[in-house]
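To start, the structure itself, in structure tokens.
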Amino acid sequence: MSLKEKDIFEALKTVDDPEIKKDLVTLGMVKAVKVQGTNVELTIQLTTPACPLKDKIRSDIESAIEKAAKNAGAPSPQVAIEFTAEVTKPNQRAAEGADPLPNVKHVIAVGAGKGGVGKSTVSSLLAIALAKSGARVGLLDGDIYGPSMPTMLGLDNLPPAAEGQQLIPFDVHGIKAITIGKLVPPDKALIWRGPMAHGAFRQLALQTDWGELDYLIVDLPPGTGDVPLTLAQLIPLTGAVVVCTPQKVAQDDARRAVRMFQQLGVTVLGMVENMSYFVGDDGKQYDLFGRGGTESLAASLNIPLLGTLPIHSKLRENCDLGTPLANWDDSPETGQHLDQMAQDLAGRISVLTHAGSLQQPTISVT
Ligand code: ADP
């Protein structure tokens with residue numbers, strides 16, 4: 001006698017999503033079960049295509065079904081699992097009547113205490129890494145004082161496009177991107193008074209035709225100025241990521257950036273340590289700036305460290321050339337760091353969304 005579909009469901013009730021810590025059936029992740037003789041076909045819907053624990057879920061399912069077969073004295077089944085993914089929008093946002101970006105599930109700000117730590121680099125590569133996993137991703141270059149995306153994404157020869165009042169984002173490297181750098185002459189000094197900065201950012205964020213997105217990454221200007229305030233006021237954010245380099249001086253400013261988000265009621269999803277170390281031609285790792293500084297800062301602030309990124313000359317080169325996808329080919333190690341960072345971020349967002357514990361600021365500023 002072989003297993004029936006109801007036996008499979010019972011077995012799946014014993015398998016927890018390792019991060020959300022509830023079983024797959026309760027979470028509604030089991031979308032289809034088909035049993036034909038000893039062949040079992042399952043469709044499991046993950047909470048993000050960048051799920052870091054897909055392999056663990058697969059092996060836990062296989063073990064649970066094997067165990068069920070053994071207990072029932074049934075022959076060992078052949079289990080085929082198809083994974084799909086549906087990113088969930090936080091309840092608070094769905095409940096809010098006036099969501100200005102209803103088709104965007106998660107808006108994630110990327111900030112830094114100071115300039116030059118690699119905030120734009122991390123923003124763009126994180127967006128691309130999420131898209132590589134199969135998510136629909138947008139990138140908003142909110143660094144309206146020093147937009148880097150025209151260069152980093154290689155937009156120089158692409159004309160900006162609009163339809164009526166809506167800006168059409170650039171469809172590049174698997175993501176949708178918009179930047180003020182393509183809407184003003186390249187050598188124009190970008191001097192914004194507070195209200196102008198607010199207006200420019202608001203237009204970029206809300207007058208872009210993003211379509212349906214799972215994640216919108218917003219590259220903020222460095223520091224604690226007008227734009228983060230505008231963003232927190234304008235859009236219910238899922239959370240923020242703070243980029244930092246290992247030196248003490250960078251950490252002091254990063255701590256201020258973390259405090260700023262917390263003061264605005266924005267959940268800090270994690271920190272990223274960029275320029276953690278340098279790998280020489282001899283293959284040795286050199287801790288130029290004292291690796292690990294961000295990890296201790298994150299621990300002291302009780303925030304997860306989402307990942308680290310070493311200094312790599314190819315990474316700088318690909319930034320300058322506007323060929324971000326080449327990072328995965330040029331340095332598999334860099335690619336792994338980026339994929340892992342994206343998975344950790346997506347995993348944390350899923351956990352917080354399902355726990356219903358995302359703070360979503362509704363501040364009003366006059
Ligand atoms: P920020 O946005 O914080 O001002 P950027 O992302 O513009 O910083 O990065 C500043 C410069 O450092 C860029 O030229 C970028 O290519 C380079 N860079 C950033 N991170 C790395 C890295 N891990 N390895 C090599 N170069 C990097």
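Read the numbers this way: they start at 1 and go in the same order the structure lists the ligands and their atoms. Only a predicted model underlies this, so the values are computations on that prediction, with no experimental measurement involved.
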Output yes when a side-chain donor or acceptor of Asp7 lies under 3.5 Å from a complementary backbone atom of Lys4, and no otherwise. yes
Around Arg202, counting heavy atoms of other residues, nucleotides and ligands shown, do more than 12 lie under 6.0 Å from its CZ? no
Between the side chains of Lys56 and Asp60, is the shortest nitrogen-to-carboxylate-oxygen separation below 4.0 Å, so that they form an ion pair? yes
Any salt bridge (Lys or Arg N to Asp or Glu O under 4.0 Å) pairs touching residues 119-133, not counting sequence neighbours? Lys119-Asp143, Lys119-Asp219
Hey, does the side chain of Thr208 reach the backbone of Ala205 with a donor-acceptor pair shorter than 3.5 angstrom? no
Give a yes or no on this: more than 12 heavy atoms of other residues, nucleotides or ligands lie within 6.0 Å of atom CD of Glu295. no
Given a heavy-atom cut-off of 4.0 Å, could you list the residues near ligand 1 in chain and number order? Gly115, Gly116, Val117, Gly118, Lys119, Ser120, Thr121, Met152, Asn274, Met275, Pro310, Ile311, His312, Leu315, Arg316, Cys319
